[in-house]
Protein chains: 2
Amino acid sequence: MRIATKERAYNNRSYSAAVRCARILARNRESIAVRSDDLAAANLTRIIDATLRLSNKKGFHSTTVRDLAKASGLSMGGVYSYVASKDALVSMILGEVLATVDEVLAAPPPEVAADPRVHLRWIIEAHIRLSDAMEPWFVFCFMEAKSFPSRERRMSVEAEAMTEGLIGAIITRGAAAGVFDIGEAGLSAALIKPLLQDWYVKRAKYRRRGTTIEDYIAAVTGFAERALAAKPLEARRRA
Amino acid sequence: MRIATKERAYNNRSYSAAVRCARILARNRESIAVRSDDLAAANLTRIIDATLRLSNKKGFHSTTVRDLAKASGLSMGGVYSYVASKDALVSMILGEVLATVDEVLAAPPPEVAADPRVHLRWIIEAHIRLSDAMEPWFVFCFMEAKSFPSRERRMSVEAEAMTEGLIGAIITRGAAAGVFDIGEAGLSAALIKPLLQDWYVKRAKYRRRGTTIEDYIAAVTGFAERALAAKPLEARRRA
DNA sequence: GCGCGCCGAGCGAGCGCTCGAAATATAAAT
DNA sequence: ATTTATATTTCGAGCGCTCGCTCGGCGCGC
């Protein structure tokens, strides 16, 4: 019955459940029996909100469709007029996360992409802020990935590789430009990825520590820049 | 029916499933009906090996006791004369991992503990090698932690905090001695932990990349030392 | 009064777990 | 050495329950 009301925003865009679910509805319009867009969007939001909330507490597999029906204020049959099967829920959620990650991370502002050091800072901050704004979605995808249906599992592996590829490309360009000093770009990118994920994977720990998202972004940025031996931005051109 | 035969060793100690299960048997002797130690150890090993193998493939919750019975070559009843319940399996596996982590990481050789830089290198290597030698065990504990029974979940949170505390203490001592230059030791320790875990959490990725464990240890060590601005070991005493 | 949306009892399947009997190993008696 | 008695270990059909999912009918707004 309860629904997420907190407006999650970042980068002048809204990452609220309502907006995400409207997009999911649009993408799956033909497989949803209910005609009214407003009604369908509202109820789909309740269902997906319940799925994320309950799954992240006790696991997707332990969350029953009856649980979801009760938590979203619908009946069993009601749920099934929005969602073809339990697996289809996985597909909807994962699809929306992957689409959003792709939209946000693969499209840096042009002035950012010019300098690898700026680009690195930007992608670190963008990833952490996006995963923060859509925390339950990211947690769901991370924790349930290994028990996803095979198509969905393949998709999430690919997406992980894509993100890492973006970071690797930045590091490679930075090394070529002489602003990073690092052995293997791929391995460094592979090591930065878990730093970005830890914010949502172990969110409770950081909350307990009193670490804010600004603290965390600063810490990861500093950590990564020192590890990559990044030359300071102020002293770009030197002999 | 199949049983892990690969002998996993490191640090002159064996971390094979057989040795781990013998310890589990000793710790749970009174709750296991079978009298013969040899028989009990052999069958318990089959059961736990099957549990780790199947759970890590499709999740503990989706792994049925019938699956475990078939995979370990016993009947339903047979399994239950070694394991009181499905939850008891979780407790056995987690208990053994926590005990082993504690034994290994909390007891560095005396010559290592003297210098924070050596100590840091040692704990990074020890953690990665241990988690490698007991990979399925670590993967199980990490992936299933959030759906553990409450007692077990509390234990694993405590253990994570303990490991991080060890790393934090090393960094604090190093900063006091002037060999590390870092803002907050706790946050740095929190960021090193996911680097250690990534080796087993995303093992498939590193296998695909062709990264060996030596590569990985070297990369994490270098990454962490640069991030902590560690002074090189050769130039310890300087004005 | 028609149709969109919702309901919830019911279906077959599969779950964790039990328990008395069968099978086997060990000890004792002859 | 053979039989008998006892203890130990294994077995798997069956119990009660919950699961994902279906479907015929009901209510309510146009």
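Worth saying up front: this structure is predicted, and the values here are computed from it rather than measured. Every chain is numbered from 1 and lettered A, B, ... according to where its sequence line falls, protein lines coming before strand lines.
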Do any side-chain nitrogens or oxygens of B:Asn43 fall under 4.0 Å of OP1 or OP2 in D:dT9?
->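 Checking B:Asn43 against D:dT9: no side-chain N or O falls below 4.0 Å of OP1 or OP2.
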Tell me whether the OP1 or OP2 atom of C:dG5 has a side-chain N or O from A:Tyr82 closer than 4.0 Å.
->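 Indeed not, no polar side-chain atom of A:Tyr82 lies that close.
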Kindly compute the distance separating CD1 (B:Ile24) from OG1 (B:Thr45), expressed to the nearest 0.5 Å.
->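 Nearest 0.5 Å value for the CD1-OG1 distance: 8.0 Å.
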Value rounded to 0.5 Å, distance of CD1 in A:Ile123 from CG in A:Leu196 |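 Atom-to-atom, A:Ile123:CD1 and A:Leu196:CG are 8.0 Å apart.
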Value in whole Å for how far the [atom2] atom of [N] lies from [atom1] of [X]:
X       : N      : atom1 : atom2 : value
B:Asp38 : D:dT9  : CG    : P     : 11 Å
A:Asp67 : D:dC19 : CG    : P     : 7 Å
B:Leu68 : C:dC15 : CG    : P     : 11 Å
A:His61 : D:dG20 : NE2   : P     : 8 Å
B:Asp37 : D:dT8  : CG    : C1'   : 14 Å

Identify whether the distance between the nearest side-chain nitrogen and carboxylate oxygen of B:Arg129 and B:Glu214 falls below 4.0 Å.
->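 B:Glu214 and B:Arg129: salt-bridged.
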NZ/NE/NH1/NH2 to OD/OE distance under 4.0 Å, B:Arg23 and B:Glu103 =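 Salt bridge between B:Arg23 and B:Glu103, a charged N being under 4.0 Å from a carboxylate O: yes.
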Considering only side-chain heavy atoms of A:Leu39, which listed nucleotide, C:dC15, C:dC6, D:dT9, is closest?
->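 My answer, after comparing the listed nucleotides, is C:dC6.
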Of the nucleotides D:dC11, D:dC21, D:dT9, which one has an atom closest to the side chain of B:Ser75?
->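 Nucleotide nearest to B:Ser75's side chain: D:dC11.
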DNA chain D: 5'-proximal contact among A:Val65 and B:Gly78 (nearest heavy atom) |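 It is B:Gly78 whose nearest nucleotide is closer to the 5' end.
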Nearest-nucleotide wise, let me know which of B:Met76 and B:Arg35 is further upstream toward the 5' end of DNA chain D.
->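 So the residue in question is B:Arg35.
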For the pair A:Arg20 (side chain) and A:Ser14 (backbone), establish whether a donor and an acceptor sit closer than 3.5 Å, ignoring hydrogens and angles.
->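 Yes; at least one donor-acceptor contact below 3.5 Å.
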Just by modelled atom types, is the B:Asp198 backbone N or O under 3.5 Å from a matching donor or acceptor in the B:Lys205 side chain?
->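 Looks like no, no N/O pair under 3.5 Å.
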Describe the nucleic acid contact of A:Ser62 in one word from base, sugar-phosphate, nothing, applying a heavy-atom distance below 4.0 Å.
->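 The answer is nothing, as A:Ser62 stays clear of every strand by at least 4.0 Å.
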How would you label the contact of A:Ala69 with the nucleic acid (heavy atoms, under 4.0 Å): base, sugar-phosphate, or nothing?
->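 Counting heavy atoms under 4.0 Å across all strands, no contact is made by A:Ala69.
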Stem segments of DNA chain D by first residue number [Watson-Crick or G-U, under 3.5 Å, at least 3] |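 Correct response: C:1-29 with D:2-30.
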May I ask you to test the B:Ile213-B:Tyr206 pair for a side-chain heavy-atom distance under 4.5 Å?
->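 Not touching, per the 4.5 Å side-chain cut-off.
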Under 3.5 Å donor-acceptor pair, B:Arg66 side-chain atoms to D:dG14 base atoms |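 Such a pair is found, so the answer is yes.
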